[in-house]
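Notes for the one structure printed next.
Sequence lines set the chain letters: A, B, ... in the order given, protein chains first and strands last, and positions in each chain run from 1. The structure presented is a predicted model; accordingly, all values stated were derived computationally and were not measured.
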2 protein chains.
Amino acid sequence: MSAEEILSKRLAAWSAMGFDAERCPVRNVLDRIGDKWPTLILIVLAAGPKRFSALGRAVPDISKRMLTQTLRDLERDGLLTRKVFPTKPPSVEYSLTALGRSALEPMAALVEWAERRHPEIEAARARFDRDAEAA
Amino acid sequence: MSAEEILSKRLAAWSAMGFDAERCPVRNVLDRIGDKWPTLILIVLAAGPKRFSALGRAVPDISKRMLTQTLRDLERDGLLTRKVFPTKPPSVEYSLTALGRSALEPMAALVEWAERRHPEIEAARARFDRDAEAA
DNA sequence: CGGAATCCCACGTGATACTG
DNA sequence: CAGTATCACGTGGGATTCCG
């Protein structure tokens with residue numbers, strides 16, 4: 001089944017169900033793995049479990065606040081687990097669940113597409129901007 | 001090559017390049033097709049060309065402002081084309097480009113993942129919320 | 001009909017300081 | 001170390017209005 005068919009079918013199904021945005025799986029998912037921070041966190045964790053501050057170092061431009069919140073969201077969705085070691089000072093280790101690892105596959109497909117098509121996109125942008133400037 | 005390997009490799013490459021968020025293809029792409037409205041527009045157009053107001057009807061909860069802006073962005077990125085018919089009143093038709101259609105493939109993978117895993121995610125959320133409420 | 005322009009505010013996000 | 005709490009700000013995006 002082609003990508004067009006898959007998407008068109010899904011679309012038809014959702015429309016028939018009244019388009020409840022809250023329950024739409026795609027919207028639900030996109031709000032997570034489509035977002036910048038969750039995606040980056042998952043990619044970093046793909047290499048193996050990491051502690052809180054290690055994650056912070058791996059994604060330099062995330063604030064502690066967003067890191068905490070993003071980790072909570074991903075934990076809530078069952079994409080990663082949070083394991084506390086009662087050492088002193090305490091340390092917390094985050095690692096992907098099977099569900100989280102399964103998310104890496106479509107994400108990898110997206111990343112590959114992004115890298116392969118990036119030149120075309122940049123070219124299209126340059127063309128568009130040039131044409132717009134002509135006006 | 002596994003998804004983990006692909007993503008870890010990419011991550012290493014970006015880190016080595018200094019993590020320039022502006023030029024990172026993935027961030028660039030995620031800001032488009034990871035976002036809610038662009039994704040939905042592309043999915044709707046997967047079924048065939050559509051006019052402005054038809055798109056608005058197909059995505060009921062998008063405002064005219066966001067519809068216009070989203071279409072502009074996608075046109076700028078070369079994912080769709082805008083064709084004006086000088087009828088009266090004017091009509092405008094949007095359709096996917098080859099580049100736009102190629103984006104459907106990774107998106108379909110994402111949608112399939114989302115639908116297949118949605119029950120697990122909902123269950124994980126319910127469990128998380130229940131445990132949290134116990135405190 | 002398809003879009004541009006304007007207003008406006010909720011809320012996402014960062015910065016900072018504090019705690020177990 | 002791994003967070004929470006608080007405040008303050010900027011802006012994404014909705015509502016509305018006007019135009020060709």
Separation of [Y] [atom2] from [X] [atom1] (nearest 0.5 Å):
X      : Y      : atom1 : atom2 : value
A:M107 : B:L7   : CE    : CG    : 5.5 Å
B:R65  : B:T70  : CZ    : OG1   : 10.0 Å
B:D129 : B:E133 : CG    : CD    : 8.0 Å
B:E122 : B:R117 : CD    : CZ    : 15.0 Å

### Task
Work out how much the helix from C:dC1-D:dG20 to C:dG20-D:dC1 bends between its end axes, five pairs an end, to the nearest 10 degrees.
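Axis angle across the helix from C:dC1-D:dG20 to C:dG20-D:dC1, nearest 10°: 50°.
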### Query
Do B:V59 and B:M66 belong together in a cluster built from hydrophobic side chains that touch within less than 4.5 Å?
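Same cluster.
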### Query
Should A:F128 and B:L74 be regarded as members of a common hydrophobic cluster, given that ILVMFWY residues are connected when their side-chain heavy atoms come within less than 4.5 Å of each other, either directly or indirectly?
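Different clusters: A:F128 never reaches B:L74 through Ile, Leu, Val, Met, Phe, Trp or Tyr contacts under 4.5 Å.
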### Query
Stepwise, does the side-chain contact (heavy atoms from CB on, under 4.5 Å) test hold for A:S8 with A:E5?
CA-CA 5 Å; A:S8 296; A:E5 288 174 313; 5.9 Å; no
### Query
Rounded to the nearest Å, what distance is computed from the CG atom of residue A:L71 to the P atom of nucleotide D:dT4?
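For the pair A:L71 CG and D:dT4 P, the rounded distance is 10 Å.
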### Message
Rounded to whole Å, please give me the gap between CG in A:L67 and C1' in D:dA2.
### Response
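After rounding, the reported distance stands at 10 Å.
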### Message
Any heavy-atom pair between the side chains of A:W113 and B:S102 that's under 4.5 Å?
### Response
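When only atoms from C-beta onward are counted, A:W113 and B:S102 do touch, with a gap below 4.5 Å.
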### Query
A:Q69 and A:I62: side-chain contact (heavy atoms from CB on, under 4.5 Å), yes or no, with the steps?
CA-CA 11 Å; A:Q69 182 180 314; A:I62 192 175; over 6 Å; no
#### Entry: Any residue of residues 44-52 of chain A with a heavy atom less than 4.0 Å from an atom of DNA chain D
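A:R51, A:F52 - these, ordered by number, are the residues of the stretch whose heavy atoms sit under 4.0 Å from the strand.
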### Task
Go through the steps for A:L71 and A:D73 under the test side-chain contact (heavy atoms from CB on, under 4.5 Å), then give the verdict.
CA-CA 5 Å; A:L71 289 169; A:D73 288 343; over 6 Å; no
Could you pull out every donor-acceptor pair under 3.5 Å between side chains of residues 33-54 of chain A and any protein atom, sequence neighbours left out?
residue	atom	partner	partner atom	Å
A:T39	OG1	A:I33	O	2.6
A:T39	OG1	A:D35	O	2.5

### Message
Reading DNA chain C in the 5' to 3' direction, which nucleotide is the first one with an atom under 4.0 Å from a heavy atom of chain B, and which is the last?
### Response
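It runs C:dC1 to C:dT6.
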### Summary
Readout for nucleotides 14-20 of chain D: B = base within 4.0 Å of protein heavy atom, S = sugar-phosphate only, - = neither; 5' to 3' it is BB----B
Could you pull out every donor-acceptor pair under 3.5 Å between side chains of residues 93-100 of chain B and any protein atom, sequence neighbours left out?
residue	atom	partner	partner atom	Å
B:Y94	OH	B:R82	NE	3.4
B:S95	OG	B:T81	OG1	3.2
B:T97	OG1	B:G78	O	2.6
B:T97	OG1	B:L79	O	3.2
B:T97	OG1	B:L99	N	3.3
B:T97	OG1	B:G100	N	3.0

### Query
Looking for any heavy atom pair under 4.0 Å, which part of the strands does A:Y94 touch: base, sugar-phosphate only, or nothing?
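Counting heavy atoms under 4.0 Å across all strands, the contact made by A:Y94 is with sugar-phosphate only.
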